[in-house]
Amino acid sequence: MLSEVGTITIGLALAVCLYASLAVFLSIRRSDPRWLQSGWNGIYATTAILGFGLLLLLFAFLTNRFEIQYVAQHSSRALPVYLKVSALWAGQEGSLLLWSFLQILFALLLIARPSVRTRPLLPWATVILGCVAAFFIGVTLFLSNPFARLDHAPFDGQGLNPLLRHPGMIFHPPSLYLGYVGLAVPFALAMAALITGRVDEWTRAARRWTLAAWLFLGLGLFLGARWAYDVLGWGGYWGWDPVENAGLMPWFTATALLHGAVVQEERKGFRTWNLVLVILSFVLVLFGTFTTRSGLIQSVHAFGRSALGYYFLAFIGLVLVGSFALVFRYRSFLRGNSSSEGLLSREGAFLIALVLFVTLTVSVFVGSTLPTITDVLSHRRFEAGPEWFDRVTGPQFGLMVLVLALCPLLGRSAQALRRLRSRGWPALVGGVVVAGSAALAGFTGWTSLVGFALAGMAGGTAVAEIAWDVVGRSRRKEEPFLQALQRQVSRHRRRYGGYLVHFGLVLLVIGIIGTRVHALETEVVLSPGEEAQIGRYTLVFEDLRQEQATDHVRTEARIAAYRDREYLTTLTPRIDAYAQQTVGVPALRPGWREDLYVVLAAYSPTEITLKVFINPLATFLWLGGLILLAGGAVAVWPSAEEVRLPVAEARRRKVRNTVAAVVVLALLIAAGAAMWGPGHGASARLVGRPLPGQPAPDFTLTLLDGGTISLADLEGRVAVLNFWATWCPSCEEELPAIQSIWEEYQGRGVVFLGVALQEDEAIVRGAADQYGLTYLLALDIGEQVSTAYGVTGVPETFVIDPEGNVAFVHIGPVTAEELIEELESLLGQ
Amino acid sequence: MGIGSILVGVALALLVGAYLARPFRQPEAEFDRAIEHWVAQARAALQAGEVAAAPAATAAEEPVNFCPQCGRRVGTDDRFCAGCGRPLR
């Protein structure tokens, strides 16, 4: 029943969506508003039907309807509810359904509240968006129906791919889809503008749509980057999934479009450029979906090789041919004023930026498809690795940052040089300061210093441009600085949003240089209690714990991390072994200067293999990304100037905008908390265990046979401090050995002190009698001493040298041989 | 396919069909009659030599006031005349 209704729903949606496109087309042909209204009703109806379909699928997931193949493949009874919800888009079928829904939803949003500028473009834009949505709905219905039934419903589903069990699964795919889907709107508006001959109006009409799509796409990429950092073990730049490139390319072209649109709105320039960019953005979105569904690119995102790819390829071809045919046919509209201001002007800098964005896109495209192309041509895959990408795109990014530093300084060509001379100094100061402080912090090296200097120049310019404007306004209007800032920003949102984006990009560049050029990666093998020195960090492997969860076995290594031999935190990298797959979850200790990042690569009962990364300036990546997106949000927010409305309507909108902002902010904070919040395998205790060579923490204990003992009493003598408990089996094992060594060494001035982590004196006395313990025994009342020594479990043994420093540490039971060897080495000195 | 699913499908389709057809349910003839009526009115007015009255008719639709003191045109919500300063309300 459920699966049948679901299939009927999608079929109905397809029919209605096709009808809607046709009806709107008829309304254009016959100039009949009733057809237009009916067509728009069709868009509304399709959205409602597909929304209903999504709810049905969600219902199927929540009620474990495993007779539906898609549910059986991507869910299981044990799956937490939030992951069941996210399983909606975990596979190809569901994600296509979601895509279709969002696509038609965007068409609805476009027609629901059209601005004066969009109105004349709406009919054709609706036809185009309707056709695009119909394609996706059709593909969903005929080629990958999420409601397809299994003949025999299994008792339990296969569960979600373990790699996808992460909060990122909630936020990353939907925001990417919103970005992808959103880019179809500017495309549709641009084509409508071409057909109706309003080539200068579409960029303004599409501005906020492009910005919103750009913002969501950027957010999706950003969250994806963080997710990969958090789970996949940080493949590194370009070593990430090639499909991320598929998301990156339309983001580049959309960024270029946002810049080109500025020039078109100001000076009617770049008309052809903008059309080409908007077509490219949309086609690259389709290309991205094509690559994930064709098996063309090997990746975690791939949904497996399927016939779907060919349909997407055909659709891409259709869009390309159709849109460029339109451009060619209406080329006479595009002849605008081709006043060239020369490269040394703002317009020239914009041109250079556009060219760079396009060459970057082409480079990434070539790099992503090269393995497949070479495979087809010569049957040898040429893998374009990180080095290839670095060499090809590195200089382009460098040039881009240089343009970023200079572009805002350039006005019209006539004044360019003068302005450069008078307003160029913040760029120079920024460059020197950033490169200088990077060099002082130890990030030397020719390439990275050039990169830091460029980033500093761009940052200096961005900050100075804002400061000049605001200070100027605050002088002119005699407003306080903050008020001037707020007014200035709310009047010119796009401009200051842009500066903020540039500033975020600068931080991003700093982070990229740090993590790309100065990262340290190493592998260590440790047995319990052993320590390893990596850079400034000392890692001590404490123990390995295994735990059976409902559907996987969790193996967790506990590692105490010290920086400059001072206790920092305890890291717990782990490996989760599911039936299908094992997933390594790294432990991360973030810091301003660098992140300490530890992956449990392999384990055996006697030792573990750790991959340790030190990623400098990684925090700048996230901070930069955040500021960049915030800049986009500033620009997309409706400016007060733009909307002239009656007071009541304005107030209503203000309330609605505020509610929307609060909801979006809450979602973002939830995403941020889930992905950047506490945890990530690092939990700091108050005090860490002293490392060998460090002074032993002071203590005072009351002994069982009366009298007290403190660290000062042990001066000049070798001491063995054994933390134990009567309920601990491995303590019982080592007690006889300790007693016999004590008997052997008591004549040579060695003090043995057993500290029992138990407060019941009678039990401890009983145990002492049972094992015949004759060395000093004390109770650790309130666990004060064990806390001071950073003891995390029993038994642990500290050997203290005559100077009162810790000489040896044993986490877990100590063997007689080890202890004798250590005592001999201390006494022999 | 179960009878229930078919019923749900048909119901959905009917509902959507009715919604899509709604713009057409206001018959075209009504618009035509209305337009014919306006045209007839205009023609009659023209024959009666009342062409000049037409702007006044539209003016009556949008209430416009004039200052009783100086005759300057003022907004309906204005409290003072912008020309002479006479209080209007």
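By convention in this document, chain letters (A, B, ...) are assigned in the order of the sequence lines, proteins followed by strands, and residues within each chain are numbered from 1. From a predicted model like this one, the values you see are computed outputs, not experimental measurements.
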| said: Report which part of A:Trp35 has an atom under 4.5 Å of a heavy atom belonging to chain B: side chain, backbone, both, or neither. | reply: both
| If you round to the nearest 0.5 Å, how far is CG of B:Leu20 from OG1 of A:Thr46? | 8.0 Å
| query | Taking everything shown except A:Arg656 itself, do over 12 heavy atoms lie less than 6.0 Å from its CZ? | reply | yes
| request: Might you confirm whether atom CZ of A:Arg77 has over 12 heavy atoms from other residues, nucleotides or ligands at distances under 6.0 Å? | output: yes
| request: Answer with side chain, backbone, both or neither: which region of A:Ile49 has an atom nearer than 4.5 Å to a non-hydrogen atom of chain B? | output: side chain
| query | Could you state the interatomic distance from CZ (B:Phe24) to CG (A:Asn41), rounded to the nearest 0.5 Å? | reply | 9.5 Å
| message | Can you tell me which of A:Ala45, A:Gly39, A:Ser38, A:Ala23 forms the most heavy-atom pairs within a distance under 4.5 Å of chain B? | response | A:Ser38
| Contact summary for A:Glu4 and B:Gly2, nearest pair of heavy atoms | OE1-N, 3.1 Å
| remark: Nearest heavy-atom contact between B:Gly9 and A:Ile8 is CA-CG2, 3.6 Å
